[in-house]
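Below is one structure, written out as C-alpha cells; comments come after it.
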Amino acid sequence: MRSYMKTTAIALALTAAAGAAKADGHGVEVLHWWTSGGEAAALNVLKGDLEGQGIGWTDMPVAGGGGEQAMTVLRARVTAGNAPTAVQGLGFDIIDWANEGALANLNSVAIAEGWDDVIPAALQQFAKVDGAWVSAPVNVHSTNWVWANKAVLDANGIAVPETWEDFAAALEALAAAGVTPIAHGGQPWQDATVFDAVAMSALGPDGYQAAFVDLDPEALGSDAMKEAFDRMAVIRANVDENFSGRDWNLATAMVINGEAGFQMMGDWAKGEFLNADKVPGEDFLCFRFPGTQDQVTFNADQFMMFDQGGEVSAEQAALATAILSPSFQSAFNVVKGSVPARTDVSNADFDACGKQGMADLAAAAESGNLYGSMAHGHANEASVKNAMYDVITAHFNGEFDSETAVDELITAVEIAQ
C-alpha cells in the first residue's frame, strides 16, 4: 500500500469515529443498484475495506439492474443540492455528469496511484473528461455471455453451441423435453442485453460498430439487422409466459434451479451462481454467445465522485484509492463475476469463468475486438440507447415484425440524435 493511502487512513482514523456516517462528515454515502445476493456480497468487500480504515459507509441502494431508477433518484438529489459522496455510474452517464460540472477531479489520486498506466484506454474513455479523472473504475463486465445449467444440457445431449444454428437446435431440444429453453426477464435493458449479443453475431464486429457506435443508417437498415430481429423472435418463442417484468437475478435462479437451460446475461450473473454455491464447469457453464466467440462487448461499473465543495475530499480519495488497489480489484471481482479494471491483477484467485473472462478481455483488446455495449450505455449516449430500447422491446413483445422493427430503429435513432 502506498504511503499516500497510509497517510489518508491515519488522518481519517484520527478524525473519525469508527463506523461514522456521512452525517458527521467522516464517511461516504454511496448510491448504487447492487441489490441482488451476489452483488451485495461483492459490495461488502468494498464496505469492509473502507470500514477497516475507520471510514463510515452509508448505503443508498436503489433496486433495478440497469440503473435507470438509481439515475432518477440521483437527479433528484443533485437538483436538491444534496448529492451523495459517490455514485455507481456507467459509460456516457458519467460523461454527462462531468460535462454538467457535477463531479470532483480525481487527478491527485490518479497520478499518485499511476492509473493511466494500468487502466485500459477503453475504460479511460468513460472515466476521464478533458484530461480529468472523474470516476474510479471498479471492474469490466462483458455482456455477450450465455449461462447454462450443465445437468440440464447433459440430460438432453446438448453440447456447448458454436453457431446460431447449433443454439437454435438446442432450444428446440429443450422445448421438446418440456424444459424452458431460455430464462429471461422482460425489462427493456434485459431485452437490449440479449439483442446486443444477437446483433453482434448477426452483423459481425464491423457491422456492430457501424450500427451502434457510428449510427450509420445503412448498417441500421441492413439485411443483417433484420436477421438480428428474426433471431430475437426465435428467442422470444423460447421464453416462458411469465417473463414480463421479471428481475434478471430471478431469471438466473431459473437456470440455477434447473427450471431453464440458458440465460443470456452479463457476467454479473455468475455472482448469483457462486452465491448459490455452484461451481463453474460442474454445475453451470459459461460461454460466449454463438458467433461472438472472438468479441467482447463490455460495460464497466465505476464510482463517480460528486463535487463536495471544490476539491476531492479525503474520504472520496480513500474510496477511490481502495477501489483501484490490486488486492481489492481481485477480491471484489472474484465475488462479483466481473474482471479487474486494471491490467496488472493476477488471475490466481479467479475461477474457470473468471480466468476465461480475463483472457477473453485481453485477447479482444489486443485484436481490436473490444466493443462498448450498446445495451449498457457504452456505445452511444443515453438518448440513443433509450430510443433503441424502445424498438427492441416493442419487437420482442410482438408490436413489430422484423422488417418494421428495422425501419423503426432507423427512425428512432435519427430522432434521438
Side-chain angles (χ1 to χ4, degrees), residues 31-34 62 64-79 83-84 86-106 119-144 187-193 195-196 199-200 208-216 219-220 266 268 296-307 338 341 365 370-393 409 412-417:
L31 190 158
H32 63 89
W33 58 86
W34 283 333
V62 180
E68 291 92 347
Q69 294 93 324
M71 290 301 99
T72 300
V73 171
L74 174 62
R75 175 62 64 185
R77 289 284 302 270
V78 172
T79 300
V87 179
Q88 183 183 358
L90 294 173
F92 283 91
D93 286 342
I94 299 171
I95 295 173
D96 289 344
W97 282 110
N99 287 335
E100 289 187 25
L103 303 184
N105 186 324
L106 299 176
I119 296 175
L123 271 69
Q124 292 190 34
Q125 175 185 350
F126 300 105
K128 295 174 74 173
V129 176
D130 296 331
W133 286 88
V134 294
S135 62
V138 182
N139 57 18
V140 181
H141 276 300
S142 52
T143 61
N144 56 321
Q187 298 170 343
W189 75 269
Q190 293 191 63
D191 299 339
T193 298
F195 188 78
D196 225 4
M200 179 65 82
Y208 185 95
Q209 169 75 27
F212 299 116
V213 180
D214 301 335
L215 304 180
D216 175 23
L220 289 167
W268 48 91
V296 170
T297 53
F298 79 91
N299 71 17
D301 289 302
Q302 308 201 33
F303 277 106
M304 306 179 278
M305 303 298 172
F306 274 72
D307 187 357
S338 43
L370 182 60
Y371 293 86
S373 164
M374 171 277 295
H376 294 270
H378 283 67
N380 230 293
E381 61 229 26
S383 60
V384 173
K385 178 192 74 173
N386 292 334
M388 291 183 173
Y389 275 18
D390 290 344
V391 176
I392 292 163
T393 290
L409 188 64
V413 169
E414 181 180 357
I415 292 172
Q417 291 184 75

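Side chains are part of it too, since the values below use all heavy atoms of this structure and drop only hydrogens, waters and symmetry mates.
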Write down the atom of W33, the atom of D301, and the distance for their closest heavy-atom approach.
-> CZ2-OD1, 4.3 Å
N/O donor-acceptor pair under 3.5 Å between N380 side chain and V213 backbone = yes
Aromatic contact, H378 with F298 (centres under 6.0 Å) = yes
Between NZ on residue K128 and CG on residue N105, distance to nearest 0.5 Å | 10.5 Å
Is E100 paired with R75 through a side-chain N to carboxylate O contact shorter than 4.0 Å?
-> yes
Nearest heavy-atom neighbours spanning A192 and M374 = O-CE, 4.1 Å
Side chain of S383, backbone of A416: donor and acceptor closer than 3.5 Å?
-> yes
Consider only side-chain N and O atoms of H376 and T143, and report whether a donor and an acceptor are under 3.5 Å apart.
-> no
Is the CD atom of Q124 crowded by more than 12 outside heavy atoms at less than 6.0 Å?
-> yes
Would you please say whether a donor-acceptor pair under 3.5 Å links the side chains of D196 and S373?
-> yes
Closest contact, heavy atoms only, A98 versus L103 = N-CD1, 3.7 Å
Using 30° and 60° as the class limits, which term best fits the ring planes of H141 and W268: parallel, tilted or perpendicular?
-> perpendicular
Donor-acceptor contact present, side-chain Y389 to main-chain A375, <3.5 Å | yes
Return the minimal non-hydrogen interatomic distance between V78 and A83, and the atom names on each side.
-> CG2-CB, 4.1 Å
Say you draw a straight line from CG of L74 to CD of Q88; how long is it, rounded to the nearest 0.5 Å?
-> 11.5 Å
Would you check if the side chain of N386 reaches a backbone N or O of A382 as a donor-acceptor pair within less than 3.5 Å?
-> yes
